[in-house]
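Each remark here refers to the structure printed beneath this line.
Being a predicted model, the structure only gives us computed values, none of them experimental. Numbers for residues simply follow the sequence, beginning at 1. Both backbone and side-chain heavy atoms feed into the values below; hydrogens, waters and symmetry mates do not.
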Amino acid sequence: MIYRPVPARLPVPAGLGRFVVLTTVFICAACGLVYELELVALASYLIGDSVTQASVVLSVMVFAMGIGSLLAKRLRGRAALGFAAVEAVLALAGGLSAMALYACFAWFGQARPALVAFSLTIGVLIGAEVPLLMTLIQRIRRQDAGGAVADLFAADYVGALVGGLAFPFLLLPVLGQLTGALLTGAVNAAAGGALVLWLFRGDLSVRSRWALLVANALVLALLATGTVLTGPFERAARQAVYGSDVRVAVQSDVQEVVLTGGGGSGKPLSLFLDGRLKVSGEDEFRYHEALVHPAMSGPHRRVLVLGGGDGLALREVLRYADVASVTVVELDRTLLRLARTDRDLTALNHDAFRDPRVRTVVGDAFDWLRGRPADAPPYDVVICDLPDPGITPSTKLYSQEFYGLAERRLAPGGRLAVHAGTVDARPRVFWTVEATIRSLGLRTRAYRVGGGAPGGPARPAERRAVERAGQEDDWSFVLASRESISLRLPPVRPCLQSLTPGELVAAGRAAERSREPGLLPSTLMHPRYAE
């Protein structure tokens, strides 16, 4: 049976009514895309691997939108009431989704089931919007289906553009993820409720009008309550994740920076970047000594540190009195500020940034290397103290192009030191990094150092954070140079050891068998084991 919309009784001329409907389409589309981007961003932060999380959210939501479109066919007879109900539920689900995901992770340690559930729910509701709006716009003025669809999708796509730009440039930096999602839900509820309660009020009974008024008021009240409670909620959730000794928690332009311990608490200082353990005061010396000292066994008058905004790799470089200058290129100015001003962090890095030999540059390491003039003085040592190679956003910092730029900055006999993950636990990541460096014609030597004690900290909150950080029992490194190099491991720690040929062969074979996701470089496997 063919459904034929009954002409609507409007309080305004048909042209103005049509404009109001298309404006509502625009607003709802913007809100829908904000929900989608918010889920992707928060899932990447809580779970990691942004490529996987974006794929899960987008695929689930597109699938759910198809289901929503089919289910909306049952609501066409009462399209106005159905649309208002859909928007109220969508506003509530989308507005509270960020807070719910954060709560699931903080108190239950698992956010993926909630991510899938919200992606399905929001996708079904978004999918139901267009068929209902198509029915409403046809009730205002009959026109061919192709023209009505073109108008609806034009408003929808323009709204999606505005929502997509508003999320990273307005909502996220100004309001944050939680408040931004709640405000978006409020706008969504107001737009959907206003359209039906004003323009299509003739379609509603008195009882339906009151029911919609109460429902929308309740949704707006819940979203407003969530906004008021955002601060206490974030503090409680942060304590559930990191423990009760959070001293500093700040959202920079780049990442969330959290410091725990220290401050007279009697607990070691820990630094978390975007929820991942970057520094543990108990054993950070193992990592930083292993990263720096083997590279410093040759010429080292001019040193370049890429990353290392905490100042701990810089501390090790400055132990050498004959170092003439050190340049530190760090993306996060907030981290640099804390490394200069926080009492416990400056004690840990020995106030390294106050040394007159040190010059700091705030910028992306890749872009800074690419922008260096060809005649700029080269460096004897380049140290890459960068985010973990298993984190998707850091992929370009482990690419052939990046290492090529770093190699061009090396002086004759210069050395490049790179953290390459953990050879035992993540062999594919290790071999990806090592093979990419070798693909430039550089000579490499691999070594490792023992890390934190197995099992990590005793407190459940800290243990979950360490698990998210991917901390393993060892750290693996690659030392590279244009010339043949001998790996001289300083006797600072007995746990520092070169990887033997047998261990390298075993790791290469393990990398071939591994199903773990690697990086995205030009060479995925060491040439000797790629057959």
Side-chain angles (χ1 to χ4, degrees), residues 3-35 68-69 71-97 121-122 124-143 148 151-152 155-156 158-159 162-163 181-227:
Y3 174 77
R4 299 186 185 279
V6 178
R9 295 170 294 167
L10 303 178
V12 296
L16 180 57
R18 186 179 182 81
F19 174 78
V20 171
V21 172
L22 292 177
T23 301
T24 304
V25 173
F26 169 87
I27 295 173
C28 291
C31 294
L33 195 62
V34 168
Y35 300 145
S69 296
L71 295 176
K73 292 168 62 177
R74 299 177 177 271
L75 301 176
R76 286 183 302 170
R78 304 187 68 183
L81 183 61
F83 178 74
V86 165
E87 293 308 300
V89 177
L90 177 59
L92 190 62
L96 294 177
S97 59
T121 302
I122 294 173
V124 168
L125 296 169
I126 291 176
E129 288 178 331
V130 171
L132 296 175
L133 286 166
M134 179 72 174
T135 302
L136 294 177
I137 204 168
Q138 286 283 60
R139 292 187 60 203
I140 294 175
R141 187 176 67 194
R142 294 294 298 275
Q143 69 178 118
D151 291 342
L152 280 174
D156 187 81
V158 174
V162 172
L182 291 163
L183 178 62
T184 302
V187 172
N188 198 166
L195 175 70
V196 175
L197 289 171
W198 174 61
L199 192 62
F200 292 97
R201 63 178 181 266
D203 291 1
L204 305 176
S205 65
V206 174
R207 183 178 180 180
S208 297
R209 290 178 198 170
W210 279 106
L212 282 181
L213 278 171
V214 171
N216 279 274
L218 181 60
V219 168
L220 291 173
L222 288 172
L223 295 175
T225 302
T227 303

Item to check | Least distance between heavy atoms, T121 atom then A93 atom | outcome: CG2-CB, 4.3 Å
Next on the checklist: Donor-acceptor pair, distance only, cut-off 3.5 Å: does the side chain of R209 make one with the backbone of L197?
Outcome noted: no
Checklist entry - Which distance, rounded to the nearest 0.5 Å, do you find between the CG of L218 and the CG of L92? => result 8.0 Å
Next on the checklist: What's the separation between atom CZ in R207 and atom CG in L212, rounded to the nearest 0.5 Å?
Outcome noted: 12.5 Å
Item to check | Minimum-distance pair of heavy atoms, taken over all atoms of C31 and V187 | outcome: SG-CG1, 4.1 Å
Checklist entry - Rounded to the nearest 0.5 Å, how far apart are CZ of R76 and CE of M134? => result 10.5 Å
Next on the checklist: One pair to check against side chain to side chain contact (heavy atoms under 4.5 Å, CB included): L199 and L136. What are the steps and the verdict?
Outcome noted: CA-CA 10 Å; L199 192 62; L136 294 177; over 6 Å; no
Next on the checklist: Any heavy-atom pair between the side chains of I140 and F200 that's under 4.5 Å?
Outcome noted: yes
Next on the checklist: Pair W210, L204 - check side chain to side chain contact (heavy atoms under 4.5 Å, CB included), show working.
Outcome noted: CA-CA 10 Å; W210 279 106; L204 305 176; over 6 Å; no
Next on the checklist: Has S69 got a side-chain atom pairing as donor or acceptor with G127's backbone, closer than 3.5 angstrom?
Outcome noted: yes
Item to check | Exam field: side chain D156 to backbone L152, donor-acceptor pair closer than 3.5 Å | outcome: no
Checklist entry - Where do A189 and L220 come nearest, in terms of heavy atoms and distance? => result CB-CD2, 4.1 Å
Next on the checklist: Using modelled atom types and a 3.5 Å cut-off, is there a donor and acceptor pairing between side-chain atoms of T225 and backbone atoms of A221?
Outcome noted: yes
Next on the checklist: With side-chain contact (heavy atoms from CB on, under 4.5 Å) as the test, pick out the partner of F83 among T135, L195, L75.
Outcome noted: L195
Next on the checklist: What I want to find out is whether R78 reaches D203 closely enough, with some N-O distance under 4.0 Å, to be called a salt bridge.
Outcome noted: no
Next on the checklist: So which atom in A91 and which in N188 form the shortest heavy-atom distance, rounded to 0.1 Å?
Outcome noted: CB-CB, 4.0 Å
Checklist entry - Can you name the closest pair of heavy atoms from A186 and L223 and give their distance? => result N-CD1, 3.3 Å
Next on the checklist: Out of the candidates V20, I27, V21, only one should pair with T23 under the side-chain contact (heavy atoms from CB on, under 4.5 Å) rule; please name it.
Outcome noted: I27
Checklist entry - Quick one: CG on L182 to OG1 on T227, what's the gap to the nearest 0.5 Å? => result 4.0 Å
Checklist entry - Taking R74 for the side chain and L71 for the main chain, is one N or O donor matched with an acceptor at less than 3.5 Å? => result no
Checklist outcome for this item: Value for CG (L90) from OG (S97), rounded to nearest 0.5 Å, stands at 9.5 Å
Checklist entry - To the nearest 0.5 Å, what is the distance between CG (D151) and CG (L133)? => result 12.5 Å
Next on the checklist: Which heavy atom of A72 sits nearest to which heavy atom of L132, and what is that distance?
Outcome noted: O-CD2, 3.9 Å
